[in-house]
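Here is the structure we will look at.
In this text the structure is predicted, and so the values were computed from the model without any measurement.
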Amino acid sequence: MSVVDLQVNRNLLCPNFDGYKLSFDPVPVLRQSLDGFALKRDPHANQYSLLHTELFAKHNLLFSDPWARHQCYYINVSHELVLCSYNEADGQPRPQRTVYQIPRWDHGDGQNVVGDYNYTLRFVSEKLAVLCDGVLTYMLLDTGDRERAATWQLLTRSPVTPNGDQRGFVLHDARLDVLQERKQISLAAAHIERRREEFVTQLTWSRWSWQQAGAEAEAGTAASWTYELCQPSLATKGSVYYCAFEPRAQSLIVCSNGDLQTPQQHEAAREAAAAQAAEDAVPPYDWQQTPQDLSLRFTLPADAKRDDLKIESTSTRLLVEYKDQLLLDGALFAPVDEQLTNWTLEAAGNELQLQLQLQLSKTEEKQWPNLLAEQELPAEPLPIPNLEDPIEDCDLPLEASDNDIKMVRFNLGHGCITHTIFLGAMPPLFGTTLRPGFPAAFATRHDVDGAIWLQQFQPSRPDEWNVRHEGQLNAFGYVVASKEQRKFVDCCPQLDYAVICESYRHVFIYKPHNEAAGGLRNRNGPQIVIGKQHLVTLPDDVGEVLGLVTAPKVIIIFTQHAMLYLQV
């Protein structure tokens, strides 16, 4: 397994950036009524884990079109796919239009039940889109020319898993590739299931392939799509922060705070952890005490001899070994009189076992809370590299995690992880689509900035993989860490601005370059760069924010009762 380092392009950094200045310039907000109430599904009472909370609460219900950034889509309670678009020429939203009526006859019970996941829509080309109904089914849709408002048609539909034993999927990524004149659409969906006493996120990797059959192939008509599972499931106990295919879809890139494993690896790791926990929880001895003495008992095989035992006792430490098996080794809670320590090997009332008994005498008459002294935990390292800078609350992660966050590349041909990026304790700030047809980019915190990274893949060298520093959002890493109530975080494809949206009321817009601040300098210093911050307060009657899409010069926000267009 290769370790990939995040190498920053120094030319993209701005060492003279001096923060954001709050702007009181108004941000025009255009409001448009919804064509039917928004469809938003909530978790069931049995879906109470942190994974379920993240799945439902952070799901973006407004779907962006990378090939037409000013067009986006949502689904209403009538299960209609509705188009919303913004006209750049006159700066006004166009009337909403239903482009597709979603069929629901193959949901098993004919209707949705509480606990089903929300719909997910992903565009894979200028004329194809994949819709996951959140229950059982993928739908491949022919959208036609979306710029000309063509009518959408269903090409094929397939169950996510052939046996249909799982209900509830969210589509993380879909990608179209043409390999040797053969089209394939790769799909990665997530399902949260309970395995014994824990919840895990299960990723299902599948694909559609376009083929022509029989004599009809010569005419070039009657094409068919075949569906197959590539990797039935990959499981992780942690949250999935990023999931995207690399070009050609021979590998899946996943970022999580848990290990990504195949079902066999997950089961083996669970059994090993359970065995280790049982071994650690039950020591191979029991002990009793009075204020003056200690008594320890070890159970040994019936053929045990005195020569098989190694016992070393000092005033502060005790070591007990049977052959090559370590039974006890540690510092005692308090001193004992080593001259009075004695031990015996006698029958245990069972012809198959013997019992080793140790007697120790305390130097001070008192009750011990435990036999061995507690281990001192090492101090946690400081979370920032510069020890001269003061530590702020937002420098510390919200939750302590036993596992570091890693981004891994799972290769289908090798059947294992081939590359790993270690991100430490901080998850990616957000993921976004910069250019159509490219894998999703992701942002990480670099010092106080937000660094944007894009996958770098060379088809001529498929065993090599890396990421490229694509852009920098000045001081945005520090800004995101300070906004604990954030729900959606994104940036413009040209990186002209970044936005943080809360569940209710507040939207924060950050522009790294403030044209009105040109020429400012520190006293006796170089020219500085100051960004601009806008705070937009949404009307109190629009309800909860359900989705967000960014485009050049406009932010589209989907709420319970209205569609809002913020002209930036």
* **Rounded distance (nearest 0.5 Å) linking atom CD1 of Ile509 with atom OH of Tyr20** => 12.5 Å
* To do: Run the salt-bridge test on Asp173 and Arg122 with the 4.0 Å N-O cut-off and return the result as yes or no.
  => no
* Test: Arg31 and Asp541 ion pair at under 4.0 Å -> yes
Which heavy-atom pair separates [X] from [Y] by the least distance, and what is that distance?
X      : Y      : value
His469 : Leu12  : O-CD1, 3.6 Å
Leu121 : Ala129 : CD1-CB, 4.1 Å
Leu171 : Ala188 : CD1-O, 3.5 Å
Arg505 : Pro539 : NH1-C, 3.5 Å
Pro552 : Gln494 : CG-OE1, 3.4 Å
Glu147 : Ala68  : OE2-CB, 3.3 Å

So do [Y] and [X] actually touch side chain to side chain, heavy atoms under 4.5 Å?
X      : Y      : result
Cys84  : Gln96  : yes
Leu34  : Asn76  : no
Arg69  : Pro493 : yes
Glu246 : Arg175 : no
Trp453 : Val8   : yes
Gln47  : Tyr117 : yes
Cys14  : Gln472 : no
Lys183 : Ile185 : no

* Could you go step by step and tell me if His191 and Val160 meet the side-chain contact (heavy atoms from CB on, under 4.5 Å) rule? -> CA-CA 10 Å; His191 168 77; Val160 180; over 6 Å; no
Can any side-chain N or O of [X] pair as donor or acceptor with the backbone N or O of [Y] at less than 3.5 Å?
X      : Y      : result
Asp449 : Ala451 : no
Gln567 : Gly91  : yes
Tyr242 : Ala440 : yes
Arg148 : Asp145 : no
Gln560 : Glu544 : yes
Lys511 : Val568 : yes
Ser239 : Tyr241 : no

* Start with the C-alpha gap between Leu131 and Ile75, add the side-chain angles, then the distance that decides, and say whether side-chain contact (heavy atoms from CB on, under 4.5 Å) holds. => CA-CA 11 Å; Leu131 180 67; Ile75 297 171; 4.2 Å; yes
* **Verdict with reasoning, Arg41 to Tyr119, per side-chain contact (heavy atoms from CB on, under 4.5 Å)** => CA-CA 9 Å; Arg41 296 168 179 164; Tyr119 280 95; 3.3 Å; yes
* Listed by chain and number, what are the side chain to side chain contact (heavy atoms under 4.5 Å, CB included) partners of Ala498, not counting sequence neighbours? -> Leu473, Phe476, Cys491
Assess, by modelled atom type and distance only, whether the side chains of [X] and [Y] contain a donor and an acceptor separated by less than 3.5 Å.
X      : Y      : value
Ser251 : Trp465 : no
Gln32  : Tyr86  : no
Thr161 : Gln166 : no

Below 3.5 Å, can you tabulate the donor-acceptor pairs from side chains in residues 427-437 to any protein atom, sequence neighbours excluded?
unit_1 : atom_1 : unit_2 : atom_2 : d
Thr432 : OG1    : Asp490 : OD1    : 2.8
Arg435 : NH1    : Glu470 : OE2    : 3.1
Arg435 : NH2    : Glu470 : OE2    : 3.1

* To do: Applying side-chain hydrogen bond (donor to acceptor under 3.5 Å, both in side chains), name anything that partners Thr204, two or more places apart in sequence or on another chain.
  => none
* Asked: Which word best sums up how the rings of Tyr510 and Phe508 line up, parallel for under 30°, tilted for 30 to 60°, or perpendicular for over 60°?
  -> parallel
* Is the gap between the ring centers of Tyr138 and Trp225 under 6.0 Å? -> no
* **Candidates Phe63, Tyr100, Trp152 - the one meeting ring-ring contact (aromatic ring centres under 6.0 Å, His included) with Tyr73** => Trp152
* To do: Check Asp259, Thr420, Asn257 against Lys406 for a side chain to side chain donor-acceptor pair (under 3.5 Å) and give me the one that passes.
  => Asp259
* Asked: Considering the options Val545, Val542, Leu548, Leu62, which one meets the side chain to side chain contact (heavy atoms under 4.5 Å, CB included) requirement together with Phe558?
  -> Leu62
